[in-house]
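Hydrogens, waters and symmetry mates play no part in the numbers below; they use all other heavy atoms, side chains included.
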Amino acid sequence: MTSGNSSDLHTLRSRLAAEETLRGRVRLISKVPPVGTLGSAIETVTVALRSDGAAMALAGALVAWIRTQPGDLTVNVSRSDGTTVELSAERARLDDENTRSLLTDLLAGSVDAHDTRTGQG
């Protein structure tokens, strides 16, 4: 997540962990910045995916969570191979079907870094 705060990540983690397909696969990782540097702890929500069903569950849960968030936010979703998609929502207005499709494809490994679909409605 590139905008928002730590409690947003905790809420997201809880929402994802509540999905039966994702249960036991969701972790919140915190990293303290190196000694002598400025900045706050870096937190990331990670989800271990092993099937397309899990990718669909994650995409649906992520879109549903984004739509409940007040204000503007930006979320980065990355695969272990480095492929990343950035979702930006203004007052959580996303085209659910397009966004869910893009995320599912990304997470299942069938989209490349040059995909130009957007999730804005």
Side-chain angles (χ1 to χ4, degrees):
M1 173 174 283
T2 59
S3 64
N5 59 47
S6 179
S7 67
D8 291 337
L9 285 178
H10 290 274
T11 303
L12 174 58
R13 186 223 157 274
S14 295
R15 172 70 178 99
L16 297 177
E19 289 291 320
E20 184 175 335
T21 306
L22 302 177
R23 202 164 288 142
R25 300 177 182 201
V26 181
R27 303 277 183 266
L28 182 64
I29 299 173
S30 298
K31 293 182 183 179
V32 178
V35 175
T37 62
L38 297 176
S40 59
I42 300 167
E43 294 185 307
T44 304
V45 175
T46 63
V47 182
L49 300 178
R50 294 189 183 121
S51 68
D52 288 343
M56 284 180 46
L58 176 57
L62 186 56
V63 169
W65 176 80
I66 289 170
R67 292 190 58 83
T68 66
Q69 301 307 298
D72 301 343
L73 72 121
T74 302
V75 177
N76 287 319
V77 179
S78 303
R79 289 193 326 227
S80 59
D81 68 2
T83 303
T84 301
V85 66
E86 182 177 278
L87 302 171
S88 295
E90 295 177 1
R91 292 173 292 288
R93 293 182 186 187
L94 292 176
D95 175 351
D96 285 350
E97 190 55 41
N98 193 33
T99 303
R100 189 175 295 114
S101 172
L102 176 61
L103 282 173
T104 300
D105 290 349
L106 170 78
L107 296 168
S110 58
V111 68
D112 64 33
H114 303 291
D115 196 305
T116 58
R117 290 178 285 178
T118 65
Q120 298 177 352

Can you tell me how far [atom2] of [Y] sits from [atom1] of [X], rounded to the nearest 0.5 angstrom?
X     : Y     : atom1 : atom2 : answer
Thr21 : Leu58 : OG1   : CG    : 10.5 Å
Leu16 : Arg25 : CG    : CZ    : 12.5 Å
Asp8  : Trp65 : CG    : CH2   : 5.0 Å
Ile66 : Thr74 : CD1   : OG1   : 9.5 Å
Thr46 : Ile29 : OG1   : CD1   : 4.0 Å

Do you know the tightest heavy-atom contact between [X] and [Y]?
X     : Y     : answer
Ala18 : Arg23 : O-NH2, 3.1 Å
Arg15 : Ala64 : NH2-CB, 3.6 Å
Ser78 : Thr84 : OG-OG1, 2.9 Å

Non-hydrogen side-chain atoms of Val47 and Leu22 separated by less than 4.5 Å: yes
Are any of the side-chain heavy atoms of Val45 and Arg27 separated by less than 4.5 Å? no
Test side-chain contact (heavy atoms from CB on, under 4.5 Å) applied to His10 and Leu28, step by step: CA-CA 8 Å; His10 290 274; Leu28 182 64; 3.0 Å; yes
